[in-house]
Amino acid sequence: MNMKLHTLWLLCSIAIFSFQSALGAAFSANFNGEDPDSKNRDELAVYDPDTGNWFILTLSEQLLAFAENWGWNQANPAPGDYNGDGKSELAVYERASGAWFIKTLGDNQALAFAEIWGDSSMISVPADYNGDGKTDLGLYQPSTGNWFIKTLNNQLLAFGENWGGPDMTPVPADYDGDGKAELAVYQRHTGNWFIKTLGDNRLLAFGLNWGTKGMWPVVGDYTGDGKADLAVYDRANGNWFIKTLNGGQLVLFAENWGWNETTPVPGDYNGDGKADLAVYHRLTANWFIRTVDAQALAFSKNWGIPGKSVPTQVYAHRGAEGRTLVCFGDSITYGTSSSSGGPPTGYPALLERKLDIYFGGQFSCLNYGNPGEYTWDAVNRVAGVLNANPNGDAMLLMEGTNDALFDSLFTLTEGNLRSLLFAAQSRGMKTVIATIPPVITSAYRNRDIQAGRIRSFNPTIYTIASSTGSRLARVYESITAVPGWAASLIDPVTANHPNDAGYLRVRDAFFDQVQGMVLYGQ
């Protein structure tokens, strides 16, 4: 199906949530509740990360919210029915601080304001884990596979319960039909599912295979039996593969609805109790929705700002989007001279949080910065890093600052950088290479010669990027474009590392390129 259609600009944004369908209230997104016009259907709802504005529209064109502000560019949506009134509330989670902010849509009743539950290492996975009809504050820690869950009235349901790991994506839903969301993870590079109940630890699936590395999980109740089904979406060609958990009844196999640039956003859009096939094309802000039996509900329905709007379901349904990014480099990748002096405030951590906010899903930015490294050292190190991350989607490379201390920058560095890129590409990874960041002369150090070498060499990195098919992160240009950058963005003591403000510019240069990968399905 060729759905690459261009549409007009709309001053709205869209996204989809799932009501209390057979996902066991995992993704509650019916903002109308029992309104006759709603009929328990999922609404189109989107979030603007730049402004924190919500835009919500029913499929029958009833406007529920237009630029309703609840959030900001450091928080990501975590909608759900937190008070059990049958309506989804506006909710955001600030990952940097672990704070939750929740209010009702209609009467603006505040349910939580800066309630702390979590930290920067955790992503939000709200769902009804105890079956009381209310969405709980759920968190998943990708680095450990630990879950942290409590109700809004502070009933502790799980604290550090381990089920998962760094290479797994959380996909909580009601897989057994008991009204409670189970702990569930999907391992994308193997296509294996691991599912167990929260209370009595009943094992529903362990290493059950349904999917491949190129497929994203799109959990939903596609049969209407009150149980979430195993479902995956193939990003390369837009095919859906769905089967039930118990008995393995095949629902769909290679059913085409979408293409590589679309994000899957399944939900119950017609109120029949079954999840529908739906995709969102962010470049044009178009929605394409149909039932499992091919009844068209929306074809090229435009609701959103092209290239900007984020369908909110991808925040709750972590499997809908994501990448594993190997951030490889020297001390500037490591985070030297940032406020923590290392990875917690280095650009990979900053990039991961921004991707989380602007795309939802689950992004992992792994910090492999090695302070003081020369590119010839990097060539010797890269195989070990890639062996440790055989399923990485892309390598982000930033090396050469230390080479610029010597004339070898113009004799050895180009070949070393190409070798690093080829090492990643030979393993099927996409590559991004950065221009070498600027250095300064300060009261502490004279780096005039090093600075000149960097300016002279950076055009070569453009050539390297073009000839290797790598994306180019313009880090040098991003920093030096800021008036007074030498005084405001570089640490004067070392004179060759960004400060916190400078690391934001590094982050944004890489974000621009990773964003391109996501938007174009690469």
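Keep in mind that the numbers below use all heavy atoms, side chains included, and drop hydrogens, waters and symmetry copies. Positions are given from 1, in the same order as the sequence printed here.
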Any donor-acceptor pair under 3.5 Å from [X] side chain to [Y] backbone:
X	Y	result
W210	F241	yes
D268	D272	yes
D119	S97	no
W70	F101	yes
E321	V314	no
D512	G516	no
S309	I305	yes

(request) Kindly say whether the aromatic ring centers of W287 and H281 come within a distance under 6.0 Å. (result) no
Kindly indicate whether the side chain of [X], heavy atoms from C-beta on, has any atom under 4.5 Å from the side chain of [Y].
X	Y	value
V219	Y186	no
W100	V92	no
Y368	C327	no
L230	V171	no
E261	L519	no
D356	L351	no
N108	E68	yes
P217	W193	yes

(request) Before giving the answer on side chain to side chain donor-acceptor pair (under 3.5 Å), spell out for N53 and D48 the whole-Å C-alpha distance, their side-chain angles and the decisive distance to 0.1 Å. (result) CA-CA 5 Å; N53 287 337; D48 182 350; 5.3 Å; no
Check ion pair [X]-[Y] (N to O, under 4.0 angstrom):
X	Y	value
E477	R505	no
R188	D393	yes
E94	R353	no
E352	R507	no
K274	D221	no
R202	D200	yes

Mind checking the [atom1]-[atom2] spacing from [X] to [Y]? Nearest 0.5 Å is all I need.
X	Y	atom1	atom2	value
Y233	W216	OH	CH2	10.5 Å
E43	I56	CD	CD1	7.5 Å
N391	K213	CG	NZ	5.0 Å
Y82	T151	OH	OG1	12.0 Å
D174	Y129	CG	OH	12.0 Å
I195	D176	CD1	CG	9.5 Å

(request) Check W117, Y93, Y140 against S124 for a side chain to side chain contact (heavy atoms under 4.5 Å, CB included) and give me the one that passes. (result)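 Of W117, Y93, Y140, side chain to side chain contact (heavy atoms under 4.5 Å, CB included) with S124 is met by Y93 alone.
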(message) Enumerate the ring pair (Phe, Tyr, Trp, His ring centres under 6.0 Å) contacts for residues 503-522, please, sequence neighbours excluded, ordered by first and then second residue.
(response) Y347-F510, Y358-F511
(request) Might you work through the side chain to side chain donor-acceptor pair (under 3.5 Å) test for S339 and D500, ending with a clear yes or no? (result) CA-CA 6 Å; S339 55; D500 280 343; 3.1 Å; yes
(message) Suppose the criterion is salt bridge (Lys or Arg N to Asp or Glu O under 4.0 Å): which pairs have a residue in residues 276-291, not counting sequence neighbours?
(response) E255-R290
Under the ring-ring contact (aromatic ring centres under 6.0 Å, His included) rule, collect the residues that match up with [X], sequence neighbours excluded.
X	answer
F359	none
Y222	none
F363	none

(message) Suppose we screen for side-chain hydrogen bond (donor to acceptor under 3.5 Å, both in side chains). Which residues come up paired with S338, at least two apart in sequence or across chains?
(response)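 So S338 forms a side-chain hydrogen bond (donor to acceptor under 3.5 Å, both in side chains) with T345.
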(message) Checking S121 against Q141: is there a side-chain donor and acceptor pair closer than 3.5 Å?
(response) yes
(message) With side chain to side chain donor-acceptor pair (under 3.5 Å) as the test, pick out the partner of Q522 among R235, K430, R471.
(response) R471
(request) Step by step, work out the side chain to side chain donor-acceptor pair (under 3.5 Å) result for N499 and D491. (result) CA-CA 5 Å; N499 57 22; D491 168 43; over 6 Å; no
(message) With side chain to side chain contact (heavy atoms under 4.5 Å, CB included) as the criterion, how do N73 and I357 come out once you've worked through the C-alpha distance, each side chain's angles and the decisive distance to 0.1 Å?
(response) CA-CA 7 Å; N73 64 0; I357 293 166; 5.7 Å; no
